[in-house]
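Read through the structure below, which is laid out as structure tokens, and then see the notes.
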Amino acid sequence: MGNSILDDVFDSFVNGAKLFKDREVLRHDYLPEKLPHREDQIRLLGSTVAPVLKNARCSNIFIYGKTGTGKTAVAKYVLSHLESKAKEYGAQVRFCYVNCRMTGSEYRVFAALSQSVGLSIPFTGLSVGEVFDRFRTGLDQSRIIFIIVLDEVDALIKDRGDAFMYELTRINETLRQSKVSIIGISNDLRLKEFLDPRVFSSLSEEELVFRPYDAGELRNILLERSKLAFQDGVLSESALSISSALAAAEHGDARRALDLLRVAGEVAERAGAKAVTEEHVRQAEKHIEHNRVIEALKNLTLHSKLVLLSVYHLNKSSASTGEIYEVYNELCGEMGAGLLTQRRLSTLVNELDTMGLVNARVVSMGRYGRTKKIRLEISRGLIKDVFGDDNRFSELLKYEPKCLHKE
DNA sequence: CGTCCACAGGAATGACGGGCGG
DNA sequence: CCGCCCGTCATTCCTGTGGACG
């Protein structure tokens, strides 16, 4: 019977210690019934939106806080409760949650808003202004109080500007039968610097700041969730503490803490352990980072890969833009790809930097110009692994650029 | 103390694939 | 099918600049 290597895997999965009760609870999009240490914010947001229950428009609100401080969770929590209350009181309230970064463009944001007032909008083809007009008329006809939640709105403003925000904040002036309130959520506390003062003041009739969690608070959050997520007594005290401590060090990111704990649980389960230990959390940390990088590498475009390979080939503590361009130039020739300008390469390098694959900072070398110093941020072994598996790149991995050999 | 290197990085513009309404 | 508009990627042209060298 025991004829396959899988038997072990399956058997230990079924018979081995079951650690999880419900691992979904540890996903960061899970909305718990209690949000520890956010009672104040919940009350404040709640009292701000409460007027809609009497069919009055509520103030616009701006919410600040770094990632994993519970902004999204609190907003969704309050609004879902508001929604059921509104049914109870028969208030004509509807809300629409849009994550601006995921949604991508102002066009798609307006499309999403339109959809939630019952319009269907083609995912491309119309002008932004047209979509906005349709949204406005559609909204007005629905005769409702409409609450718009724009999550991660900073992402959109930074690369599209705030013109669309201006339109949105002024929309009430042209509505007869509906009213709009806006809840903006930003990860960047300096967002006001990017905003037209008129937009900013109208947007932040109320402001709400989310402080990062400290290690103790994170510990409480994890404790609450782990009661639902794990079997009793499976999670060690030390695993709990180290998860909170690691996440607290990373600007108090609860999302991070939950990820660590979930992956640690998976690691422990796979190892057939009876409990989740500190060591499992440490492995989870590596595991998460490893996956993140591999995923990022795979999704790079052709030229970004070539640029990264160029940095790899230079193989020194820091290379300049010019050096990289030389190697990149050769690599392009080697694989017969058309080459991009140095200007373009420069922005590709910046992208690699924000992804954390590479470290780039501008330095001046005085008489010898001004350039970016670029260093690989990930292990060379990882690059070998990922690119070695790809036929198109395995050759380039071994290729020795000529420009590196002239004295 | 000015020069001048080797780029940085903004702005404007264009090519391209995709999708619309008419 | 056309004319129009979209977002994305890329090019071209450009002005700006920290600081070692002379």
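The sequence lines fix the lettering, A, B, ..., with proteins before strands; numbering per chain opens at 1.
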[X] [atom1] to [N] [atom2]: how many Å, rounded?
| X | N | atom1 | atom2 | answer |
| --- | --- | --- | --- | --- |
| A:L345 | B:dA6 | CG | C1' | 14 Å |
| A:I324 | B:dA8 | CD1 | P | 9 Å |
| A:Q342 | C:dC9 | CD | P | 21 Å |
| A:D353 | B:dA8 | CG | C1' | 14 Å |
| A:R361 | B:dC7 | CZ | P | 16 Å |
| A:H303 | C:dT11 | NE2 | C1' | 13 Å |
| A:L300 | C:dC9 | CG | C1' | 15 Å |
| A:L339 | C:dA10 | CG | C1' | 12 Å |

With B for base contact, S for sugar-phosphate-only contact and - for none (protein heavy atoms under 4.0 Å), nucleotides 12-22 of chain C reads B---BBBBBS-
side-chain hydrogen bond (donor to acceptor under 3.5 Å, both in side chains) pairs touching residues 351-363 of chain A, sequence neighbours excluded, are none
Within residues 311-318 of chain A, the residues having a heavy atom closer than 4.0 Å to DNA chain B are none
- Can you check ring pair (Phe, Tyr, Trp, His ring centres under 6.0 Å) on A:F230 and A:F20, steps first, answer last? CA-CA 4 Å; A:F230 289 105; A:F20 283 112; 5.0 Å; yes
Base, sugar-phosphate alone, or nothing: which one does A:S320 contact when heavy atoms must sit under 4.0 Å apart? sugar-phosphate
Could you list the residues that satisfy salt bridge (charged side-chain N to carboxylate O under 4.0 Å, His left out) with [X], not counting sequence neighbours?
| X | answer |
| --- | --- |
| A:R343 | none |
| A:R282 | A:E278 |
| A:K373 | none |

Sequence neighbours excluded, the answer for side-chain hydrogen bond (donor to acceptor under 3.5 Å, both in side chains) partners of A:S241 is A:R219
Contacts of A:D40 meeting side-chain hydrogen bond (donor to acceptor under 3.5 Å, both in side chains) (sequence neighbours excluded), chain-then-number -> A:R43
### Query
Distance check: side-chain N/O of A:K372 vs OP1/OP2 of B:dG9, anything under 4.0 Å?
yes
Applied to residues 170-192 of chain A, the ring-ring contact (aromatic ring centres under 6.0 Å, His included) test, sequence neighbours excluded, yields none
Hydrogens and angles aside, do A:H313 and A:S310 bring a side-chain donor and acceptor to less than 3.5 Å of each other? no
